[in-house]
Amino acid sequence: MRIGYPCINRSIGCKSSKTFRLNSYSETRLREIVNNNLKCLMKILKYNKKNHMLFFRITSDLVPFASHPVCEFDWQGYFSNEFGSIGDYVRENDMRISMHPDQFNVLNSKRKDVVENSVRELIYHAEVLDTMGLDRTHKIQIHVGGMYRDKKGSMARFQKRYKSLDIRIKKRLVIENDHGMYNTSDCLDISAKTGIPVLFDFFHESLNPSGMSLKKSLKLIEGTWKRVDGIPMVDYSHHHSNPASKKHAETIKIRDFHKFLVYTRPYDMDIMLEIKDKEKSAIRAVELARKDSRFLIVHR
DNA sequence: GGCAGTCAAGTACGC
DNA sequence: GCGTACTTGACTGCC
(Lines give C-alpha, C1' and ligand atoms only; values in the text may rest on other atoms or scores of the structure.)
Protein backbone atom coordinates (compact mmCIF):
# COMPACT_ATOMS: atom_id res chain seq x y z
CA MET A 1 0.00 0.00 0.00
CA ARG A 2 1.25 3.40 -1.02
CA ILE A 3 -0.44 6.75 -0.32
CA GLY A 4 -0.40 9.66 -2.73
CA TYR A 5 -2.04 12.86 -3.94
CA PRO A 6 -2.61 14.40 -7.37
CA CYS A 7 -0.50 16.82 -9.37
CA ILE A 8 0.03 19.81 -7.08
CA ASN A 9 2.17 20.29 -3.99
CA ARG A 10 1.41 23.49 -2.08
CA SER A 11 4.33 23.30 0.36
CA ILE A 12 7.43 23.57 -1.80
CA GLY A 13 6.74 26.72 -3.79
CA CYS A 14 6.90 25.45 -7.36
CA LYS A 15 4.43 23.98 -9.84
CA SER A 16 5.06 21.18 -12.32
CA SER A 17 1.93 22.25 -14.23
CA LYS A 18 3.07 25.68 -15.37
CA THR A 19 1.63 26.49 -18.76
CA PHE A 20 0.99 29.32 -21.20
CA ARG A 21 -1.56 30.40 -23.79
CA LEU A 22 -1.71 28.76 -27.17
CA ASN A 23 -1.37 32.08 -29.02
CA SER A 24 1.95 32.73 -27.29
CA TYR A 25 3.32 29.35 -28.30
CA SER A 26 6.96 29.18 -29.32
CA GLU A 27 9.54 26.44 -29.05
CA THR A 28 11.60 28.63 -26.71
CA ARG A 29 8.64 29.20 -24.44
CA LEU A 30 7.84 25.49 -24.42
CA ARG A 31 11.42 24.57 -23.57
CA GLU A 32 11.48 27.05 -20.65
CA ILE A 33 8.20 25.80 -19.24
CA VAL A 34 8.99 22.10 -19.59
CA ASN A 35 12.39 22.67 -18.03
CA ASN A 36 10.67 24.34 -15.06
CA ASN A 37 8.03 21.62 -14.81
CA LEU A 38 10.51 18.73 -14.84
CA LYS A 39 12.74 20.37 -12.21
CA CYS A 40 9.70 20.96 -10.02
CA LEU A 41 8.44 17.42 -10.51
CA MET A 42 11.75 16.06 -9.22
CA LYS A 43 11.49 18.37 -6.17
CA ILE A 44 7.98 17.11 -5.47
CA LEU A 45 9.07 13.47 -5.69
CA LYS A 46 11.93 14.12 -3.24
CA TYR A 47 9.52 15.83 -0.85
CA ASN A 48 7.16 12.88 -1.22
CA LYS A 49 9.86 10.35 -0.48
CA LYS A 50 10.87 12.21 2.65
CA ASN A 51 7.25 12.04 3.77
CA HIS A 52 6.74 8.37 2.82
CA MET A 53 4.32 9.18 0.02
CA LEU A 54 5.27 6.79 -2.75
CA PHE A 55 2.28 7.31 -5.02
CA PHE A 56 1.88 10.43 -7.16
CA ARG A 57 -0.27 11.60 -10.06
CA ILE A 58 1.72 13.55 -12.63
CA THR A 59 -0.08 16.53 -14.13
CA SER A 60 -1.24 16.37 -17.75
CA ASP A 61 0.26 19.86 -18.17
CA LEU A 62 3.83 18.61 -17.75
CA VAL A 63 4.43 19.28 -21.46
CA PRO A 64 1.83 21.90 -22.49
CA PHE A 65 0.27 21.40 -25.94
CA ALA A 66 2.21 18.18 -26.46
CA SER A 67 -0.75 16.60 -28.26
CA HIS A 68 -1.71 19.76 -30.14
CA PRO A 69 -0.79 20.02 -33.84
CA VAL A 70 1.12 23.24 -33.07
CA CYS A 71 3.76 21.24 -31.19
CA GLU A 72 6.42 19.79 -33.45
CA PHE A 73 9.14 19.93 -30.82
CA ASP A 74 10.97 16.67 -29.98
CA TRP A 75 10.54 17.08 -26.23
CA GLN A 76 11.33 13.42 -25.55
CA GLY A 77 14.72 13.72 -27.23
CA TYR A 78 15.56 17.17 -25.90
CA PHE A 79 14.70 16.32 -22.28
CA SER A 80 15.59 12.61 -22.35
CA ASN A 81 18.12 12.99 -19.49
CA GLU A 82 15.64 14.78 -17.24
CA PHE A 83 12.86 12.29 -17.95
CA GLY A 84 15.35 9.45 -17.42
CA SER A 85 16.48 10.79 -14.03
CA ILE A 86 12.90 11.14 -12.83
CA GLY A 87 12.15 7.58 -13.95
CA ASP A 88 15.28 6.30 -12.20
CA TYR A 89 14.28 8.07 -9.00
CA VAL A 90 10.78 6.60 -9.14
CA ARG A 91 12.11 3.08 -9.64
CA GLU A 92 14.89 3.31 -7.06
CA ASN A 93 12.39 4.35 -4.43
CA ASP A 94 9.67 1.87 -5.34
CA MET A 95 7.31 4.72 -6.20
CA ARG A 96 4.28 4.48 -8.44
CA ILE A 97 2.96 7.06 -10.89
CA SER A 98 -0.47 7.60 -12.35
CA MET A 99 -1.80 10.12 -14.88
CA HIS A 100 -5.37 11.26 -15.47
CA PRO A 101 -6.20 13.05 -18.75
CA ASP A 102 -9.00 15.53 -18.15
CA GLN A 103 -12.63 15.63 -19.25
CA PHE A 104 -11.88 16.34 -22.90
CA ASN A 105 -10.70 12.79 -23.28
CA VAL A 106 -13.75 10.92 -24.58
CA LEU A 107 -12.87 7.69 -26.35
CA ASN A 108 -16.48 6.70 -26.97
CA SER A 109 -17.53 10.07 -28.42
CA LYS A 110 -19.70 10.10 -31.51
CA ARG A 111 -17.54 12.84 -32.97
CA LYS A 112 -14.58 11.64 -35.00
CA ASP A 113 -12.44 14.70 -34.17
CA VAL A 114 -13.02 14.22 -30.43
CA VAL A 115 -11.89 10.60 -30.66
CA GLU A 116 -8.81 11.52 -32.68
CA ASN A 117 -7.83 14.24 -30.19
CA SER A 118 -8.39 11.83 -27.31
CA VAL A 119 -6.12 9.22 -28.87
CA ARG A 120 -3.40 11.81 -29.49
CA GLU A 121 -3.68 12.93 -25.88
CA LEU A 122 -3.43 9.34 -24.65
CA ILE A 123 -0.32 8.78 -26.78
CA TYR A 124 1.24 11.85 -25.15
CA HIS A 125 0.48 10.51 -21.66
CA ALA A 126 1.94 7.11 -22.57
CA GLU A 127 5.05 8.79 -24.01
CA VAL A 128 5.65 10.69 -20.76
CA LEU A 129 5.74 7.43 -18.82
CA ASP A 130 7.66 5.58 -21.55
CA THR A 131 10.30 8.33 -21.76
CA MET A 132 10.77 7.95 -18.00
CA GLY A 133 11.40 4.26 -18.63
CA LEU A 134 8.59 3.18 -16.30
CA ASP A 135 6.97 -0.24 -16.62
CA ARG A 136 3.27 -0.89 -17.17
CA THR A 137 2.35 -0.77 -13.48
CA HIS A 138 2.36 3.03 -13.95
CA LYS A 139 -1.13 3.76 -15.28
CA ILE A 140 -3.26 6.24 -17.19
CA GLN A 141 -6.82 6.47 -15.88
CA ILE A 142 -9.84 7.70 -17.82
CA HIS A 143 -13.61 7.51 -17.55
CA VAL A 144 -15.71 5.51 -19.99
CA GLY A 145 -17.09 8.72 -21.56
CA GLY A 146 -20.52 9.99 -22.59
CA MET A 147 -23.85 8.16 -22.61
CA TYR A 148 -25.54 9.72 -25.66
CA ARG A 149 -28.90 8.36 -24.44
CA ASP A 150 -27.76 4.83 -25.26
CA LYS A 151 -25.65 3.39 -22.49
CA LYS A 152 -25.27 -0.08 -23.96
CA GLY A 153 -24.32 1.23 -27.37
CA SER A 154 -21.91 3.73 -25.82
CA MET A 155 -20.24 1.00 -23.76
CA ALA A 156 -19.92 -1.16 -26.87
CA ARG A 157 -18.35 1.77 -28.71
CA PHE A 158 -15.81 2.18 -25.90
CA GLN A 159 -14.87 -1.49 -26.15
CA LYS A 160 -14.45 -1.34 -29.89
CA ARG A 161 -12.27 1.78 -29.68
CA TYR A 162 -10.20 0.34 -26.85
CA LYS A 163 -9.39 -2.76 -28.86
CA SER A 164 -8.03 -0.70 -31.73
CA LEU A 165 -5.72 1.46 -29.56
CA ASP A 166 -1.94 1.56 -29.91
CA ILE A 167 -0.25 -0.96 -27.60
CA ARG A 168 1.60 1.87 -25.82
CA ILE A 169 -1.78 3.15 -24.59
CA LYS A 170 -3.39 -0.24 -24.02
CA LYS A 171 -0.72 -1.48 -21.66
CA ARG A 172 -1.30 1.50 -19.35
CA LEU A 173 -4.97 2.38 -19.68
CA VAL A 174 -7.41 1.71 -16.84
CA ILE A 175 -11.03 2.84 -16.43
CA GLU A 176 -12.52 4.52 -13.42
CA ASN A 177 -16.15 4.55 -12.24
CA ASP A 178 -17.57 8.08 -12.52
CA HIS A 179 -19.99 10.10 -10.39
CA GLY A 180 -23.06 9.95 -12.58
CA MET A 181 -22.94 7.65 -15.60
CA TYR A 182 -20.80 4.53 -15.53
CA ASN A 183 -20.60 2.90 -12.11
CA THR A 184 -18.33 0.13 -10.85
CA SER A 185 -20.53 -2.64 -12.30
CA ASP A 186 -20.48 -1.01 -15.74
CA CYS A 187 -16.69 -0.76 -15.61
CA LEU A 188 -16.44 -4.42 -14.56
CA ASP A 189 -18.64 -5.37 -17.54
CA ILE A 190 -16.32 -3.54 -19.90
CA SER A 191 -13.31 -5.11 -18.20
CA ALA A 192 -14.74 -8.61 -18.69
CA LYS A 193 -14.96 -7.95 -22.42
CA THR A 194 -11.66 -6.15 -22.90
CA GLY A 195 -9.33 -7.15 -20.06
CA ILE A 196 -8.89 -3.51 -19.02
CA PRO A 197 -8.23 -3.06 -15.27
CA VAL A 198 -10.77 -1.12 -13.21
CA LEU A 199 -9.70 1.71 -10.94
CA PHE A 200 -12.11 2.04 -8.02
CA ASP A 201 -13.14 5.54 -6.99
CA PHE A 202 -14.60 5.29 -3.50
CA PHE A 203 -16.21 8.77 -3.61
CA HIS A 204 -17.79 8.24 -7.03
CA GLU A 205 -19.14 4.89 -5.83
CA SER A 206 -21.00 6.78 -3.07
CA LEU A 207 -22.49 9.25 -5.62
CA ASN A 208 -23.24 6.61 -8.26
CA PRO A 209 -23.59 3.30 -6.40
CA SER A 210 -23.20 -0.09 -8.04
CA GLY A 211 -25.23 -1.69 -5.25
CA MET A 212 -22.36 -3.96 -4.28
CA SER A 213 -20.70 -3.94 -0.88
CA LEU A 214 -17.23 -2.41 -0.60
CA LYS A 215 -15.69 -5.85 -0.02
CA LYS A 216 -17.40 -7.34 -3.04
CA SER A 217 -16.36 -4.43 -5.25
CA LEU A 218 -12.75 -4.73 -4.13
CA LYS A 219 -12.73 -8.48 -4.70
CA LEU A 220 -14.04 -8.15 -8.25
CA ILE A 221 -11.80 -5.19 -9.01
CA GLU A 222 -8.70 -6.98 -7.75
CA GLY A 223 -9.39 -9.67 -10.33
CA THR A 224 -9.13 -7.16 -13.18
CA TRP A 225 -5.51 -6.25 -12.33
CA LYS A 226 -3.05 -8.78 -13.73
CA ARG A 227 0.35 -9.35 -12.16
CA VAL A 228 2.02 -7.10 -14.78
CA ASP A 229 -0.41 -4.28 -13.94
CA GLY A 230 0.59 -4.16 -10.26
CA ILE A 231 -1.79 -3.98 -7.31
CA PRO A 232 -5.07 -2.05 -7.81
CA MET A 233 -5.09 1.73 -7.65
CA VAL A 234 -7.93 3.37 -5.73
CA ASP A 235 -9.08 7.00 -5.63
CA TYR A 236 -10.23 8.07 -2.19
CA SER A 237 -12.18 11.15 -1.18
CA HIS A 238 -15.33 11.99 0.73
CA HIS A 239 -18.02 14.65 0.56
CA HIS A 240 -17.31 18.33 0.56
CA SER A 241 -18.56 20.12 3.69
CA ASN A 242 -21.50 21.23 1.55
CA PRO A 243 -23.24 17.83 1.11
CA ALA A 244 -25.10 18.97 -2.03
CA SER A 245 -21.81 19.56 -3.78
CA LYS A 246 -20.13 16.87 -5.83
CA LYS A 247 -16.79 18.45 -5.16
CA HIS A 248 -14.03 16.69 -3.29
CA ALA A 249 -13.50 17.33 0.41
CA GLU A 250 -11.36 20.28 1.51
CA THR A 251 -9.43 18.21 4.03
CA ILE A 252 -9.33 14.55 5.06
CA LYS A 253 -11.64 13.26 7.76
CA ILE A 254 -9.15 11.03 9.41
CA ARG A 255 -11.75 8.94 11.27
CA ASP A 256 -13.50 8.08 7.99
CA PHE A 257 -10.21 7.20 6.40
CA HIS A 258 -9.40 4.95 9.32
CA LYS A 259 -12.71 3.14 8.80
CA PHE A 260 -11.88 2.78 5.12
CA LEU A 261 -8.53 1.17 5.97
CA VAL A 262 -10.23 -1.25 8.36
CA TYR A 263 -13.08 -2.17 5.98
CA THR A 264 -10.75 -2.80 3.06
CA ARG A 265 -8.59 -5.38 4.81
CA PRO A 266 -7.00 -7.57 3.59
CA TYR A 267 -7.05 -6.05 0.08
CA ASP A 268 -3.82 -4.36 -0.87
CA MET A 269 -3.99 -1.21 -3.01
CA ASP A 270 -2.33 2.11 -3.74
CA ILE A 271 -4.52 4.98 -2.55
CA MET A 272 -4.75 8.36 -4.30
CA LEU A 273 -6.23 10.98 -1.98
CA GLU A 274 -8.26 13.37 -4.09
CA ILE A 275 -8.52 16.01 -1.42
CA LYS A 276 -8.23 19.74 -1.94
CA ASP A 277 -5.41 20.40 0.49
CA LYS A 278 -3.26 17.80 -1.28
CA GLU A 279 -0.06 16.81 0.55
CA LYS A 280 -1.33 18.18 3.86
CA SER A 281 -4.04 15.51 4.07
CA ALA A 282 -1.76 12.91 2.54
CA ILE A 283 0.78 13.38 5.32
CA ARG A 284 -1.93 12.81 7.93
CA ALA A 285 -3.14 9.74 6.05
CA VAL A 286 0.40 8.35 5.97
CA GLU A 287 0.73 8.79 9.74
CA LEU A 288 -2.31 6.58 10.14
CA ALA A 289 -1.57 4.09 7.38
CA ARG A 290 1.96 3.44 8.66
CA LYS A 291 0.40 1.38 11.45
CA ASP A 292 -1.20 -0.85 8.81
CA SER A 293 0.73 -3.99 7.85
CA ARG A 294 -0.04 -3.33 4.16
CA PHE A 295 1.83 -0.02 4.15
CA LEU A 296 5.02 0.09 2.08
CA ILE A 297 8.09 1.72 3.61
CA VAL A 298 11.28 2.13 1.56
CA HIS A 299 14.48 2.11 3.61
CA ARG A 300 17.02 3.84 1.42
C1' DG B 1 1.18 46.71 -10.27
C1' DG B 2 -3.50 45.30 -10.17
C1' DC B 3 -7.63 43.85 -12.17
C1' DA B 4 -10.88 41.34 -15.03
C1' DG B 5 -11.58 38.51 -18.85
C1' DT B 6 -10.15 34.46 -20.66
C1' DC B 7 -8.06 29.97 -21.53
C1' DA B 8 -7.31 23.74 -26.79
C1' DA B 9 -10.26 20.39 -25.91
C1' DG B 10 -16.54 17.42 -23.87
C1' DT B 11 -20.73 16.10 -21.89
C1' DA B 12 -24.77 16.24 -18.95
C1' DC B 13 -28.05 18.62 -16.58
C1' DG B 14 -31.04 22.23 -14.63
C1' DC B 15 -33.43 26.26 -15.63
C1' DG C 1 -30.98 27.27 -25.80
C1' DC C 2 -27.91 28.87 -22.31
C1' DG C 3 -25.12 28.70 -18.18
C1' DT C 4 -22.79 25.84 -15.11
C1' DA C 5 -20.50 21.87 -12.97
C1' DC C 6 -17.02 18.72 -13.14
C1' DT C 7 -11.97 21.77 -11.54
C1' DT C 8 -8.80 25.29 -11.15
C1' DG C 9 -5.65 28.22 -11.28
C1' DA C 10 -2.93 31.43 -13.77
C1' DC C 11 -1.95 33.76 -18.13
C1' DT C 12 -2.54 38.07 -20.59
C1' DG C 13 -4.00 42.44 -22.07
C1' DC C 14 -5.40 46.66 -20.48
C1' DC C 15 -5.57 50.48 -17.41
Side-chain angles (χ1 to χ4, degrees), chain A residues 5-26 28-30 32-34 36-37 40 44 57-73 75 98-125 140-151 153-155 157-158 161 175-183 186 201-208 235 237-251 272-281:
Chain A
Y5 60 97
C7 307
I8 295 168
N9 178 302
R10 300 190 198 280
S11 303
I12 63 175
C14 73
K15 287 233 162 78
S16 61
S17 53
K18 212 167 145 62
T19 184
F20 53 91
R21 299 281 170 90
L22 180 57
N23 62 13
S24 56
Y25 180 92
S26 74
T28 316
R29 189 76 193 273
L30 183 67
E32 276 168 24
I33 296 284
V34 175
N36 167 86
N37 289 352
C40 181
I44 294 176
R57 183 181 300 160
I58 291 181
T59 170
S60 296
D61 281 333
L62 194 68
V63 184
F65 304 108
S67 72
H68 192 282
V70 75
C71 176
E72 290 175 343
F73 179 56
W75 51 270
S98 69
M99 295 187 84
H100 193 348
D102 59 29
Q103 70 262 37
F104 309 109
N105 211 286
V106 188
L107 261 191
N108 75 349
S109 175
K110 291 187 152 181
R111 283 173 47 190
K112 195 169 165 237
D113 59 324
V114 172
V115 179
E116 285 168 1
N117 290 346
S118 299
V119 171
R120 269 214 306 276
E121 182 74 351
L122 289 174
I123 286 280
Y124 151 64
H125 282 75
I140 301 165
Q141 64 191 88
I142 57 168
H143 297 291
V144 178
M147 292 241 278
Y148 313 95
R149 297 184 182 177
D150 172 19
K151 193 171 185 179
S154 299
M155 283 166 73
R157 209 161 47 248
F158 179 92
R161 300 254 165 83
I175 44 171
E176 174 192 349
N177 55 308
D178 64 62
H179 62 78
M181 295 179 278
Y182 298 98
N183 66 22
D186 301 323
D201 187 308
F202 178 69
F203 180 49
H204 291 162
E205 172 72 16
S206 74
L207 296 169
N208 183 17
D235 281 355
S237 184
H238 39 69
H239 281 274
H240 192 262
S241 53
N242 168 14
S245 166
K246 285 175 182 166
K247 286 182 183 172
H248 293 137
E250 298 101 322
T251 190
M272 181 63 61
L273 297 172
E274 293 190 316
I275 309 235
K276 288 268 175 257
D277 64 1
K278 307 285 176 182
E279 78 282 358
K280 238 167 115 183
S281 281

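Order of the sequence lines fixes the chain letters, A, B, ..., with proteins taken first and strands second; residue numbering starts at 1 for each chain.
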So which protein nitrogen or oxygen atoms get under 3.5 Å of nucleotides 11-15 of chain B's nitrogens or oxygens?
from: B/dT11; atom 1: OP1; to: A/S109; atom 2: OG; distance (Å): 2.7
from: B/dT11; atom 1: OP1; to: A/Y148; atom 2: OH; distance (Å): 2.6
from: B/dA12; atom 1: OP1; to: A/M147; atom 2: N; distance (Å): 2.5
from: B/dA12; atom 1: OP1; to: A/Y148; atom 2: N; distance (Å): 3.0

(request) State whether a side-chain donor-acceptor pair under 3.5 Å links A/D277 with A/T251. (result)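 Their side chains do contain a donor-acceptor pair, which is all the 3.5 Å distance test asks for.
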
(request) Determine whether the side chains of A/S237 and A/E274 contain a donor N or O and an acceptor N or O closer than 3.5 Å. (result) no

Given atom [atom1] of [X] and atom [atom2] of [N], what is their separation to the nearest angstrom?
X	N	atom1	atom2	result
A/F65	C/dC11	CZ	P	12 Å
A/L207	C/dC6	CG	C1'	11 Å
A/N23	C/dA10	CG	C1'	14 Å
A/F20	C/dG13	CZ	C1'	18 Å
A/N117	B/dA8	CG	P	14 Å
A/D61	C/dT7	CG	P	16 Å
A/R21	C/dT12	CZ	C1'	5 Å
A/R10	C/dA10	CZ	P	8 Å

(request) Report the relative orientation of the aromatic rings in A/Y25 and A/F65; use parallel for angles under 30°, tilted for 30 to 60°, perpendicular for over 60°. (result) perpendicular

Roughly how far apart, to the nearest Å, are [N] and [M] at atom [atom1]?
N	M	atom1	answer
C/dT4	B/dT6	P	13 Å
B/dG5	C/dT8	C1'	16 Å
C/dG9	B/dG10	P	22 Å
B/dC7	C/dG3	P	15 Å
B/dA8	C/dC11	P	13 Å

(request) Would you mind calling C/dT8 syn or anti? Take O4'-C1'-N9-C4 for purines or O4'-C1'-N1-C2 for pyrimidines, and syn is within 90° of 0. (result) syn

(message) Of the listed nucleotides (C/dT8, C/dG9, B/dG5), which one gets closest to any side-chain atom of A/K15?
(response) C/dG9

(message) Can you identify which nucleotide, out of B/dG10, B/dA8, C/dC11, has its nearest atom closest to the A/F104 side chain?
(response) B/dG10

(message) For A/K278 and A/T19, find the nucleotide of DNA chain C closest to each by heavy atoms; which residue's nucleotide sits nearer the 5' end?
(response) A/K278

(request) Output yes when a side-chain donor or acceptor of A/Y182 lies under 3.5 Å from a complementary backbone atom of A/G146, and no otherwise. (result)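 Side chain of A/Y182 to backbone of A/G146, a donor-acceptor pair under 3.5 Å: yes, one is there.
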
(request) Spell out, as yes or no, whether a donor-acceptor pair under 3.5 Å connects the side chain of A/Y124 to the backbone of A/S60. (result) yes

(request) Assign A/S17 to base, sugar-phosphate, or nothing according to its heavy-atom contacts below 4.0 angstrom with the strands shown. (result) nothing

(message) My understanding is that a pair needs two contacts under 3.5 Å, Watson-Crick or G-U wobble. By that rule, which nucleotide pairs with C/dA5?
(response)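 Pair assignment: C/dA5 / B/dT11.
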
(request) Please determine, for B/dA4, whether a Watson-Crick or G-U wobble partner exists with both distances under 3.5 Å, and give it or none. (result) C/dT12

(message) What I want to find out is whether A/R57 reaches A/D235 closely enough, with some N-O distance under 4.0 Å, to be called a salt bridge.
(response) yes

(message) Do A/L122 and A/N105 have side chains that approach each other closer than 4.5 Å (heavy atoms only, starting at C-beta)?
(response) yes

(request) Sort out for me which residue in A/R120, A/E121, A/H125 forms a side chain to side chain donor-acceptor pair (under 3.5 Å) with A/S67. (result) A/E121

(message) Does C/dT12 have OP1 or OP2 under 4.0 Å away from a side-chain N or O of A/R29?
(response)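 The answer is yes; a side-chain N or O of A/R29 sits under 4.0 Å from OP1 or OP2.
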
